[in-house]
Amino acid sequence: MLYDTMSKSMRELVPQEPGHLKFYSCGPTVYSYAHIGNFRTFLTADLVVRTAEALGWQVSYVSNITDVGHLTEDSLADAEGEDKMARALQSKEGERFANVWDLADHYADAFVEDWRRLNLRDPSVRPKATQHMREQIVAVQELIAKGHAYETPTGVYFNVASFADYGKLSGNRDQDDLMRAVRDVVQDDNKRHPADFALWKKDEKHLMQWFSPWGWGFPGWHIECSVMAMRYLGETLDLHAGGEDLRFPHHECEIAQSEALTGKPFSKLWIHTRFLQVEGEKMAKSKGNFFTVRDLVEGKNADPLALRYALISVPYGKPYNFTMQTLRDASSNVERFRLCEEKVAAALSATRPGDDAIGPELDALYDEALAAMLNDLNTSVALAKALEGTRVILREAELSGACADSAQRFLDRINALLGIVRHESDAPASNSPKVDEARIEALLAERAAAKAGKDFARADGIRDQLAAEGIELRDSPEGTTWRLKGVV
RNA sequence: GGCGCCGUACCCAAGUGGCUAAGGGAAGGGUCUGCAAAACCCUCAUUCAGCGGUUCGAAUCCGCUCGGCGCCUCCA
């Protein structure tokens with residue numbers, strides 16, 4: 001069950017081909033590092049995939065990378081390269097790149113790195129817009145042939161008047177009304193209707209350009225997703241996802257193009273992830289509350305799993321106010337899973353005799369977590385059930401071998417569903433801590449000696465010293481371990 | 001002007017007609033510990049922004065008021 005943005009109601013997601021989900025999720029434009037708001041949206045897609053897989057479905061999951069810098073749709077076509085990527089190239093961070101292509105590659109690679117750090121499943125296909133130029137040109141030609149598009153001196157435009165359903169997703173049916181409200185709309189006199197949108201822009205000065213039947217230029221923003229989605233998933237998708245801002249115009253335009261082309265529904269269901277706010281305000285660089293994944297993970301030593309936990313802790317359909325406190329809360333929760341992993345690993349090798357006292361309870365909790373995810377991805381409840389499971393595991397003084405097997409199964413299944421127990425990819429889990437491990441070991445040895453000699457003042461002194469450096473000690477009968485605490 | 005969301009304990013937050021209003025964090029008490037930390041156990045909303053209404057019954061439905069927020073051709 002998912003909340004479908006098109007019908008504005010809860011609808012059951014039923015794949016056209018039983019047990020095989022065809023899913024497209026709009027990816028980022030790679031002109032900068034992706035921020036945590038971007039990732040809330042991609043995390044939603046990830047959870048859809050994981051939930052479908054938990055059901056035993058096969059999932060064809062396509063998530064694109066937009067590596068073409070698009071102009072504002074209504075800007076004049078002579079925009080002198082003033083698109084997002086060109087602007088990024090001219091910015092301070094962009095100076096190190098030789099050209100826009102290098103810039104796009106760099107940020108695309110960084111994006112995939114962050115993606116894996118946050119434990120997102122790799123899509124079946126991660127197509128790039130620049131690698132599907134021919135298909136885009138062909139699609140535009142077809143739209144012209146079918147009378148849904150026309151050429152002007154500045155480009156090729158989709159004729160909105162030719163598609164009666166335009167506005168069915170966003171509710172923006174009254175174009176005059178829309179025009180009245182929108183400020184700063186630059187009119188292009190060559191367009192037949194203000195709402196017509198570009199399929200192809202003629203521009204011989206653009207930093208990225210391709211040759212087409214209409215001369216040199218570049219494709220409109222919306223056409224790439226239509227083309228790539230249909231190329232890999234067929235004419236009708238089961239589900240299409242994206243951020244709430246994409247509902248209009250991007251997805252509205254995708255529908256118009258795709259359905260004009262095929263005469264078939266473009267997607268059965270649509271879901272849109274609400275925007276993330278930070279410290280009560282919209283994220284903005286000027287407000288100082290703008291965070292990329294690497295800002296938090298590298299700059300603040302945040303555990304990537306904790307960040308993932310925090311970002312999925314509120315269901316995708318609700319507004320979410322991200323704060324540093326939320327991240328700290330998430331850290332202690334993620335720590336619980338880690339403790340369980342250690343405890344279970346130890347119990348597995350100990351193979352103590354005894355009954356499986358916790359198996360049925362854990363299985364029930366997993367079922368409840370899955371049921372919550374099936375209910376419009378209710379991550380709050382799913383996470384609560386997962387946490388209750390850790391309590392069940394941790395409250396046992398000693399896990400029997402049978403209990404350990406059950407606990408392991410629970411952790412594996414929870415991790416497959418929510419991705420919060422352990423890292424799944426080979427990507428570096430976190431940055432190598434900038435600490436001198438040998439020195440810490442030496443101090444721990446000294447402290448152990450001090451403790452043995454009842455010199456507790458010295459022992460506590462060492463503990464305080466390390467604590468000041470963000471290193472937390474834990475004494476146990478087996479000895480002392482240490483770990484680096486995040487500084488968020 | 002159009003479309004839409006939210007207001008639940010100190011904080012985050014689930015619950016959308018009916019058993020004791022999930023879960024986490026913080027806080028307080030206890031077990032453990034040389035002392036801590038971590039872990040575990042216990043405590044922590046007669047009440048769901050306010051006011052009316054519908055109903056045998058509402059945090060949940062309807063209306064109004066107050067407060068906060070998002071999207072509307074750059075944006076996840």
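Letters A, B, ... are given to chains in the order of the sequence lines, protein chains preceding strands, and every chain is numbered from 1.
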Both distances under 3.5 Å, Watson-Crick or G-U wobble: report the partner of [N], or none.
{"N": "B:A38", "result": "none"}
{"N": "B:G63", "result": "B:C51"}
{"N": "B:C5", "result": "B:G68"}
{"N": "B:G57", "result": "none"}
{"N": "B:U33", "result": "none"}
{"N": "B:A27", "result": "B:U43"}

With rounding to whole Å, what would you report as the distance between [N] and [M] at their [atom1] atoms?
{"N": "B:C3", "M": "B:A13", "atom1": "P", "answer": "27 Å"}
{"N": "B:G63", "M": "B:C56", "atom1": "C1'", "answer": "23 Å"}
{"N": "B:C62", "M": "B:A21", "atom1": "C1'", "answer": "23 Å"}
{"N": "B:A38", "M": "B:A27", "atom1": "P", "answer": "9 Å"}
{"N": "B:G7", "M": "B:A49", "atom1": "P", "answer": "8 Å"}
{"N": "B:G28", "M": "B:C64", "atom1": "P", "answer": "46 Å"}
{"N": "B:G53", "M": "B:C5", "atom1": "P", "answer": "26 Å"}
{"N": "B:A22", "M": "B:A9", "atom1": "C1'", "answer": "14 Å"}

Atom [atom1] of [X] and atom [atom2] of [N]: how far apart are they, to the nearest Å?
{"X": "A:L246", "N": "B:C3", "atom1": "CG", "atom2": "C1'", "value": "16 Å"}
{"X": "A:L47", "N": "B:A76", "atom1": "CG", "atom2": "C1'", "value": "15 Å"}
{"X": "A:L120", "N": "B:A76", "atom1": "CG", "atom2": "C1'", "value": "13 Å"}
{"X": "A:L169", "N": "B:G4", "atom1": "CG", "atom2": "C1'", "value": "13 Å"}
{"X": "A:L365", "N": "B:G24", "atom1": "CG", "atom2": "C1'", "value": "15 Å"}
{"X": "A:M324", "N": "B:G25", "atom1": "CE", "atom2": "C1'", "value": "16 Å"}
{"X": "A:Y157", "N": "B:U73", "atom1": "OH", "atom2": "P", "value": "16 Å"}
{"X": "A:H251", "N": "B:C72", "atom1": "NE2", "atom2": "P", "value": "14 Å"}

Would you call [X] and [Y] a salt bridge, using N to O less than 4.0 angstrom?
{"X": "A:K343", "Y": "A:E396", "answer": "no"}
{"X": "A:E388", "Y": "A:R391", "answer": "no"}
{"X": "A:E342", "Y": "A:R474", "answer": "no"}
{"X": "A:K318", "Y": "A:D376", "answer": "no"}
{"X": "A:R116", "Y": "A:D122", "answer": "yes"}

So, does [X] use its side chain to make a donor-acceptor pair with the main chain of [Y] at under 3.5 Å?
{"X": "A:N159", "Y": "A:A149", "answer": "no"}
{"X": "A:R308", "Y": "A:L418", "answer": "yes"}
{"X": "A:E244", "Y": "A:H272", "answer": "no"}
{"X": "A:D109", "Y": "A:H106", "answer": "no"}
{"X": "A:N119", "Y": "A:G419", "answer": "yes"}

Per-nucleotide protein contact string for nucleotides 6-20 of chain B, where B marks a base within reach and S marks sugar-phosphate only (heavy atoms under 4.0 Å, - for neither)
-------SSSB----
What one-letter contact string describes nucleotides 31-42 of chain B from 5' to 3', where B marks a base within less than 4.0 Å of any protein heavy atom, S marks contact via sugar-phosphate atoms alone, and - marks no contact?
---BBBBSSSS-
Going by the angle between their ring planes, with limits at 30° and 60°, are A:Y166 and A:F197 parallel, tilted or perpendicular?
parallel
Aromatic ring pairing A:F111/A:F42, orientation class (parallel under 30°, perpendicular over 60°, tilted between):
perpendicular
Can the positive tip of A:R121 be found less than 6.0 Å from the middle of the six-membered ring of A:Y61, inside 45° of the ring normal?
no
What's the closest nucleotide to the side chain of A:L387 if the choices are B:G23, B:U73, B:A76?
B:G23
Interface polar pairs with nucleotides 47-49 of chain B, N/O, under 3.5 angstrom:
none

Indicate, with yes or no, if the rings of A:F291 and A:Y33 have centres closer together than 6.0 Å.
no
Within the structure shown, what part of the strands sits under 4.0 Å from A:G37 by heavy-atom distance: base, sugar-phosphate, or nothing?
base
Mind checking if A:H250 touches a base, just sugar-phosphate, or nothing, with heavy atoms under 4.0 Å?
nothing
If stacking means aromatic ring centre less than 5.5 angstrom from the base's six-membered ring centre, planes under 30°, is A:F39 stacked on B:A76?
no
